Amino acid sequence: MTELHWRAATDAGSYDGTALISVGQGAVHLRTDLPAGTLENAVATLSWPMAENEKIFMNGYQTWTECPELPKWGRQRGTDHIPKFLLDKYAFDRYGDYHFVRYSKRKGMSHGFSYCYFRSGEHYRLVASLDETPGYTIFYYDAKAAVLRIERDCAGVCHGGSVFAAFDLFFAEGSEDEVFDAWFAALGCRARTGKKLAGYSSWYNRYQNIDEAGIRQDLDGCKSLFKPGDLFQIDDGWEPKVGDWLETDPAKFPHGLRGLADAAHADGFLAGLWLAPFVCEKESALYRDHPDWLLQVNGAPWCCGGGWSSSYALDIDNPAVLDYLKRVFDRVLNEWGLVKLDFLYGAAPFGNERESRAARMQRAMALLRDWCGNKLILGCGVPVMPAFGVVDYCRIGCDVGLDWDDVWYMRLFHRERISTRQSIGNTIFRRQLNGRAYGSDPDVFFLRAENCKLTAAQKTALATVNALFSGILLTSDDPGRYTPAMRQQYAAVRDIAENAQDVQVNADAGNGAVEIGYTLNGQRHSIRVG
């Protein structure tokens with residue numbers, strides 16, 4: 001047993017208390033009466049020693065945030081080292097938690113959201129949240145002090161008096177499956193579907209340079225390889241500008257998208273379409289014509305990042321915004337069976353006096369589910385726990401690249417950057433969410449030779465890891481250009497995704513590598529990544 005010290009406060013009064021905690025205790029609910037006022041904080045601390053060879057995992061803020069297992073004396077990089085002129089131009093600090101979480105430059109300091117674990121061999125100590133509505137549960141670990149600090153991201157929210165739910169925590173100890181099965185049972189959360197999807201996305205070959213002819217060419221190629229029920233997904237580039245969703249780009253798609261959706265359905269495929277519903281870019285008609293729809297922070301629209309012509313958050317408290325998005329989904333979902341919804345973190349960069357940042361994000365996710373009904377949702381760029389049980393599939397890492405780890409200077413920037421290496425790491429270390437919270441989307445793999453700088457070994461590692469730990473398995477190649485050898489490779493990847501058993505992960509393989517073993521068709525296989 002260890003003693004947990006906790007405190008909760010409004011500007012009108014506070015409470016300090018203690019509780020005895022066992023590592024394997026299960027649910028712990030810390031509640032207290034607080035006087036009416038504005039919440040200032042809720043903080044808990046407990047002694048938490050780590051062995052020298054033990055590893056720590058801190059879940060990143062949103063799906064793109066890099067979150068590998070760290071050694072005891074590891075650390076995380078923020079954005080405070082980036083020159084201000086670059087932050088002002090590219091908004092690297094707007095993709096993650098940098099504007100509201102403190103980063104330490106000291107070794108042995110790390111933080112994460114909603115859950116964390118400490119692993120020694122195959123033994124796990126899990127500490128997780130059971131309810132994020134009062135505010136994100138943020139874990140901070142200090143290896144030097146051997147202290148785990150837990151904070152509730154609730155400052156600024158009005159409390160009406162009486163009982164305040166300072167923390168709803170879950171402690172578990174045991175094997176990987178034991179602790180994660182117990183946590184999700186306590187959450188009462190189940191994945192909406194157990195069906196695995198495979199198929200195609202247009203993004204990583206054509207990016208925004210798509211048009212009707214190119215998409216029809218890729219659809220013809222997909223017919224030569226994919227199975228009925230597989231996904232054919234048109235990604236970003238079909239819209240005039242991000243935010244303008246009620247029409248297609250007239251130069252690229254003069255006949256709209258209905259014919260392409262019908263063609264995909266006629267070929268037996270599930271048709272999917274990409275949108276970023278809670279943001280718009282600066283060059284969009286929406287930004288120009290509806291400045292009152294933009295989320296204002298300190299008297300200016302809140303920039304969510306430097307992509308496109310810079311993207312800006314929409315204000316989901318504005319009824320006109322909600323009416324517009326409902327019309328968008330009503331129109332889109334008449335034609336498309338799946339929507340990939342991206343940059344969702346833009347819905348809730350801040351809370352307000354009525355709700356926490358996390359509650360606002362949960363409200364946004366509930367809106368999406370209401371608008372989409374029973375249609376499939378692939379979530380992306382979303383804070384992780386608010387998506388649990390709401391989306392059918394969800395990205396668990398950053399975008400892959402056409403090379404292994406991008407150019408050297410990009411590695412100095414934010415934790416949400418494009419990187420195949422980082423994407424594979426998140427796929428491995430968030431593997432416990434697959435099939436429990438949703439079907440995990442590890443992003444695409446490549447087999448093609450053209451327009452791709454990955455080595456053969458890197459392609460194999462990416463494809464194998466994606467196949468082993470995914471609920472949705474996509475490539476962004478044009479299958480019509482596959483050689484016979486590539487078709488055999490693709491069939492082998494599908495075989496792994498559909499039939500691999502007894503998957504074992506050894507993250508202590510040395511030199512930062514991870515060894516993964518699995519059984520396929522009665523034979524044992526292994527792959528080393530890192």
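Note that the coordinates shown come from a computational prediction; the quantities given were computed from them, not determined experimentally.
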J.: Salt-bridged, D317 to R363, with N to O below 4.0 Å?
T.: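 Yes.
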J.: Ignoring hydrogens and geometry beyond distance, is a side-chain donor-acceptor pair present between T38 and E353 at under 3.5 Å?
T.: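 The criterion, which ignores hydrogens and geometry beyond distance, is not satisfied for E353 and T38.
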J.: Of all residues at least two apart in sequence or in a different chain, which pass the side-chain hydrogen bond (donor to acceptor under 3.5 Å, both in side chains) check with R411?
T.: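 None.
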J.: Which value, rounded to the nearest 0.5 Å, describes the distance between I82 atom CD1 and R77 atom CZ?
T.: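 One gets 8.5 Å once the value is rounded to the nearest 0.5 Å.
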J.: Tell me whether D370 is salt-bridged to K326, with the criterion being a basic N under 4.0 Å from an acidic carboxylate O.
T.: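 Salt bridge flag = no for K326 with D370.
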J.: Give a yes or no on whether a salt bridge exists between K195 and D392, defined as a side-chain N under 4.0 angstrom from a carboxylate O.
T.: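 Salt bridge flag = no for D392 with K195.
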J.: Angle between ring planes, W371 versus F278, binned at 30° and 60°: parallel, tilted or perpendicular?
T.: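 Answer is tilted, since the angle falls between 30° and 60°.
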J.: If the test is ring-ring contact (aromatic ring centres under 6.0 Å, His included), which one of F139, F57, Y141 qualifies with F118?
T.: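 One option only clears the test, and that one is Y141.
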J.: Nearest 0.5 Å, what's the CZ-SG distance between F329 and C372?
T.: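 Answer for the CZ-SG pair, F329 versus C372, is 4.5 Å.
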J.: With a cut-off of under 6.0 Å to the ring centre and 45° to the axis, is R102 in cation-pi contact with Y140?
T.: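 Cation-pi check for R102 and Y140: passes.
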J.: When R415 is tested against each of Y95, Y61, Y103 for side-chain hydrogen bond (donor to acceptor under 3.5 Å, both in side chains), which residue passes?
T.: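 Going through the options one by one, the only one that passes is Y103.
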J.: Taking side-chain hydrogen bond (donor to acceptor under 3.5 Å, both in side chains) as the definition, give me every residue that meets it alongside Y204, ordered by chain and number, with sequence neighbours left out.
T.: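 So Y204 forms a side-chain hydrogen bond (donor to acceptor under 3.5 Å, both in side chains) with D399, D443.
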J.: Examine R357 relative to F100 and say whether NZ or CZ is less than 6.0 Å from the centre of the six-membered ring and inside a 45° cone about the ring axis.
T.: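 Yes, cation above the ring, under 6.0 Å and within 45°.
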